[in-house]
Each structure stands twice: as structure tokens, then as C-alpha cells.
There are 2 protein chains.
Amino acid sequence: MSIPDQVARRTQPNADSAAEDYLKTIYHHTEWQSAPVTPSVLAATMGVAPSSVTEMAKKLSAAGLVNYEPYKPLTLTPEGTARARGVIRRHRLIETWLVDEMGYDWHEVHDEAEVLEHSISDRLLDAIDTRLGHPTRDPHGDPIPAADGSVENSPALLLSQAAVGTSGMVVRISDRDPSLLLSLAAAGIRPSTTLSVVSRDAGAGFIVRVALASDADADTGPLVPVSASGSSSIWISAPA
Amino acid sequence: MSIPDQVARRTQPNADSAAEDYLKTIYHHTEWQSAPVTPSVLAATMGVAPSSVTEMAKKLSAAGLVNYEPYKPLTLTPEGTARARGVIRRHRLIETWLVDEMGYDWHEVHDEAEVLEHSISDRLLDAIDTRLGHPTRDPHGDPIPAADGSVENSPALLLSQAAVGTSGMVVRISDRDPSLLLSLAAAGIRPSTTLSVVSRDAGAGFIVRVALASDADADTGPLVPVSASGSSSIWISAPA
DNA sequence: GCGAATTTTTAGGCGTGCCTAAAAATTCAA
DNA sequence: TTGAATTTTTAGGCACGCCTAAAAATTCGC
Ligand SMILES: [Mn+2]
Ligand SMILES: [Mn+2]
Ligand SMILES: [Mn+2]
Ligand SMILES: [Mn+2]
């Protein structure tokens, strides 16, 4: 029977996908930037009222997943961190699978993964992981946590913080803005592309030179404008 | 952004997977047997209290998916039928995909499909359908409704209602009991296997002869006992 | 250091899906 | 046909995740 009894039915619907999304979002804030994760910050990123965050914080704290003290920032417990990485592993493996096997383009996968990350079984996740050959990066260059919870987090520099003249390889691009991904792909920018910063302007954005594959690092590649918001979605390898 | 705003978040969690399961279950009752689908019958199959069925019946009726009048059996409206078939299409394509591509055995797929049928997008469903070459039967022999909603429902006879001496090809086997599927597979019984009824006993069950692939219809295949409950999970092609 | 602005929490509600217990309707059977 | 048994509906609750509005705490700026 698919729905064994009343208890399962009450418990199972989506397990606790809301909780998983909170954990994931808290984790992300510490993964990409390191600023304290306050309820207002969380509320803004999750599109939820601050009071909803307070409520969930209490529940997650009671479950031993989040450290919560009134009026202080939220942090993940070791167990909360492990759970968050588990969800992120699912998310990124699903994205990789959609691109590598199901004919999706890299700007189309995030929303689908956002849902499936909560419903796929461990069994199916393993099958996908195996089929893909245990990838360590998703289509956007984000590291895929290993099954044991370890993450290989290579140091990187946000393009928005790179000085003119800096050059480096694109290592990660945020997958949250599909239209940015679409335009970057059109400009030939994706993980492993080599870029150099030609000009920067806090308001207007950046201009970067894209190194051609055939002629890496030379000054011959096309010049591409990157908006201010785009420049804080692109990580390049830290200069050697 | 994956979770665009509060409205989406309130609306989206699983869309209406509960409603979908009710529609699907009502449809199934008319697909396999034809007895009136009363609230108590629905409640029993869904593992839910009868009062829960009444409540949902009202909602589905208000949504134009179910015909509901107090104290009468439930039926699907044309739109409800279409929705039910859509869910069943998802379910069966997912099962087929799990078996054909993801290394699952046929007794392992039902529960996974029961969850994923509510979370996969149309886009992904199409991708799966295309990859599989638009299959028309799932691993248990159940017909997969086409994208346009049409279903090819071949006439079949429940093994439990077959007279001694009857022989026919297995066309469908209920996927609800994994252990039955496991033992049938061990005995070489699956869709397209040819069986003949050697003996039947309402209490003790049936004995069937399994025709060998090499020597179809001959009286040389192994004899296999089938429990009474098993015999009402197996459909064979109606005698010509 | 202190009042004002901001952030966070509390209080009270709402819709969904489920429950149990009680009331009402239907069906069965003598 | 009529009372008993069964089925169905109604009534009242509960947990979850979210909300708005009001209260409380913290932080900021002068
Ligand atoms: Mn999610
Ligand atoms: Mn990604
Ligand atoms: Mn199934
Ligand atoms: Mn389901």
C-alpha cells in the first residue's frame, strides 16, 4: 500500500520540505557570504514574513537543527549542517541529471530541482549519482556535497570584488536568475571560462574580456558587459 | 527565484497532492472493478476516516471534479476523469522509467512513483516519455494514458474468476503488493506470460501452469500456486 | 545616553487535511 | 413496516505554515 495508515499520511506529505528549505537557506548564507543570518535576512530571501522565521526557528531549535536564541542570528547545529548539505546534494545532483541526461538547459533546472529535492528517495538519488559517475560540480559550478557530507569548497573571488586587470577562471555562477544564465551562456561565459576584468563601475557594472578557448589569456576575446547584479553572481578563481 | 512570493509558497507545497490522490483512487475503482465508490470504500482504500472523504468530496465537487450528492456514491466529472488520468499517466511513466533506466525492480517502484507523481513538472514528464519512446504499458502491464487523455483498456479476466482449464496471457498485475510481485517474478510470471488454470479452490487459492517461452501453450511448464488474494491481482487476456 | 528607528517576537487568524465523537440518514431484516 | 444496524454527515479539534498587527527588544544616531 502506498499510503500505509493515517500516521504516514499525516506525517509524510512532503516530509518537512519547509524545514529543509529553511536549513538550506541558512546554509547558503554561510556558504556564499559570511554575514550573520538574522530573521529579517532569512525572511527576505525566503519570501516570508519575519514572524514566520521566528516560528520555524523555534521548531528547528527544538529539533536540534538550529541554534536559536531570541534576538540573535541563527546558526546551524552540526546536525542541521549535515541535513542542509543533504538537501543541497539532492538539489545539485538533480540539476546535473536534468542537464546531462534530460535535455534541460542550465537556466531551466533550478525550479524543478527546488521541488524534487524534497521528494526523491535516497535510493533514487543514489541511482542518479551512480549514473552520472559521482559528479562533484553541478552545471553552475556549485560543489556537490559527497554522500558522507564532505564538501570541497574551492576559494573564489566574487567578480563584483575583483579589481580591474584581475583575471581568472569562472568557478561558480549563481543559479537563481535564469535570465542571467541565459545571457551568460549566449556570451560564452560558464564555469571554466577564463575572464579578465577590463573595467568596473559600481553603478553601471563591469566589462570583462572572455578568453577564447583556442587562445586562452590573450587579449583577443570578446568584450562582454556584466551588470552590477550579475557581477555579484559570478565567482572566479582567486588569483594565483 | 525558486519561491517567487508568499502566494506561491502558500499555494505550491505539493500543489494539491491530496486531491490528486482522491481523484486517482476514485478512478481506479472504476477502472478495475465497477462497484459504486462510496465514502466508506474510499476511506478504506485511502486509509482515512470517512468524514475526511465527505469533506474532500465537497471540495472536489465545488471544483467541478467530482459529482457529489449527500448519501450517494461519488463519480468523476469529465474534468475529474481527465485529471485522474493525468496523475495516472505520471505515475505509470515514472514507474516505467525507474525500471527501464534506473535499475529498479518492478516491485520497488510503486511507492517512489506515488510521491513523484505529484512533484514532477510537465516538462520533465515529457522528457521521460520521449526518452522511453512513448510507452503504452507500465512494468505491471497497466495501460499508460496518452498525453491527450486517451487510454487503451484491453478487456481482461481476473484470474480469480477464471474457470479451470482457462488459459490466457497475463496482461496486468496489481502493483500494490510488492511481495506478490517478487514471488511472481521468481515463478516467471509477468505481463505477457501465458498461464492456464489447473485447479481452483476459493479458500486455498489456485494452481496455474506457466507456459514456457520456448514451448508456449504446451502442458510442460511448471505448476505454480497462487494465493486467493494473488488471484484477484492478476488479469489474463479474455479467452478468444 | 537617550529617544527614534528598526528588528524581532508575540498574539490572534486562516486554509488545508486530517481526526474523534455525536447526530442524522439510509439500509437491512425480521 | 419498523426498529436495529450501518453508513454518512456534522461538529468541534489539532498540527502545520503561513499571515497581519501590535508589543517588546535592540540598535542607531545625535
Ligand atoms: Mn525546495
Ligand atoms: Mn545549481
Ligand atoms: Mn503503481
Ligand atoms: Mn500519491
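Protein chains get the first letters and strands the later ones, always in sequence-line order, with residue 1 at the start of each.
- Within the 4.5 Å cutoff, the side chain of Leu74(A) has no heavy atoms near those of the Tyr22(A) side chain.
- Using a 4.0 Å cut-off, no side-chain N or O of Tyr22(B) falls inside it from OP1 or OP2 of dT16(C).
- Relative to the side chain of Lys59(A), the nucleotides dC19(D), dT10(C), dG17(D) differ in distance, and dG17(D) lies closest.
- Across all strands, Lys58(B) comes closer than 4.0 Å only to sugar-phosphate atoms, never to a base (heavy-atom distances).
- Atom C1' of nucleotide dT9(D) and atom NZ of Lys72(B) are separated by 16 Å, given to the nearest angstrom.
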Anything under 3.5 Å between a donor and an acceptor, one on a side chain of residues 138-156 of chain B, the other on a protein residue two or more places apart or in another chain? List them.
{"unit_1": "Asp138(B)", "atom_1": "OD1", "unit_2": "His140(B)", "atom_2": "N", "d": "2.7"}
{"unit_1": "Asp138(B)", "atom_1": "OD1", "unit_2": "Gly141(B)", "atom_2": "N", "d": "3.1"}
{"unit_1": "Asp138(B)", "atom_1": "OD1", "unit_2": "Asp142(B)", "atom_2": "N", "d": "3.0"}
{"unit_1": "His140(B)", "atom_1": "ND1", "unit_2": "Glu95(B)", "atom_2": "OE1", "d": "3.2"}
{"unit_1": "His140(B)", "atom_1": "NE2", "unit_2": "Trp106(B)", "atom_2": "O", "d": "2.9"}
{"unit_1": "Asp142(B)", "atom_1": "OD1", "unit_2": "Arg172(B)", "atom_2": "NE", "d": "2.9"}
{"unit_1": "Asp142(B)", "atom_1": "OD1", "unit_2": "Arg172(B)", "atom_2": "NH2", "d": "3.1"}
{"unit_1": "Asp148(B)", "atom_1": "OD1", "unit_2": "Ser150(B)", "atom_2": "N", "d": "2.8"}
{"unit_1": "Asp148(B)", "atom_1": "OD1", "unit_2": "Ser150(B)", "atom_2": "OG", "d": "2.7"}
{"unit_1": "Glu152(B)", "atom_1": "OE2", "unit_2": "Arg137(B)", "atom_2": "NH2", "d": "3.2"}
{"unit_1": "Ser154(B)", "atom_1": "OG", "unit_2": "Arg137(B)", "atom_2": "NH2", "d": "3.1"}

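- Every residue meeting the side-chain hydrogen bond (donor to acceptor under 3.5 Å, both in side chains) condition with Ser121(A), not counting sequence neighbours, appears here in chain and number order: Glu112(B).
- Evaluation of the side-chain hydrogen bond (donor to acceptor under 3.5 Å, both in side chains) rule for Thr75(A) yields Asn67(A) as partners, not counting sequence neighbours.
- One interatomic measurement links the two molecules: NE2 of His118(B) to C1' of dG17(C), which rounds to 14 Å at whole-angstrom precision.
- Within the structure, every side-chain polar atom (N or O) of Thr54(A) is placed at least 4.0 Å from both OP1 and OP2 of dT8(C).
- Per the geometry, CG belonging to Leu74(B) stands 13 Å off C1' belonging to dT7(D), to the nearest Å.
- The side-chain hydrogen bond (donor to acceptor under 3.5 Å, both in side chains) check on Asp201(B) picks up nothing, with sequence neighbours excluded.
- Applying the ring pair (Phe, Tyr, Trp, His ring centres under 6.0 Å) rule to pairs touching residues 56-94 of chain B yields His91(B)-His110(B), sequence neighbours excluded.
- Between Lys24(A) and Glu114(A), the closest side-chain pair of non-hydrogen atoms falls below 4.5 Å.
- For the pair Leu60(B) CG and dC18(C) P, the interatomic distance rounds to 11 Å; values are reported in whole Å.
- In terms of the side-chain hydrogen bond (donor to acceptor under 3.5 Å, both in side chains) criterion, Ser232(B) has no residue partners (sequence neighbours excluded).
- For dC18(D), its base sits under 3.5 Å from the side chain of Glu55(A) at one donor and acceptor pair at least.
- At whole-Å resolution of the value, CG in Asp21(B) and C1' in dG17(C) are 12 Å apart.
- Between Glu69(B) atom CD and dT7(D) atom C1' the separation is 17 Å, expressed in whole Å.
- Put simply, Ser52(A) has a side-chain N or O that comes within less than 4.0 Å of OP1 or OP2 on dC19(D).
- Across residues 35-43 of chain A, Thr38(A), Pro39(A), Ser40(A) each have a non-hydrogen atom less than 4.0 Å from an atom of DNA chain C (numbered order).
- Across the protein-nucleic acid pair, Asp16(B) atom CG and dG17(C) atom P stand 7 Å apart, rounded to whole Å.
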Nucleotide-resolved protein contact map, nucleotides 21-27 of chain C, B/S/- at heavy-atom distance under 4.0 Å: ----SS-

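- Sorted by first and then second residue, the pairs that involve residues 46-74 of chain A and meet salt bridge (Lys or Arg N to Asp or Glu O under 4.0 Å), not counting sequence neighbours, are Glu69(A)-Lys72(A).
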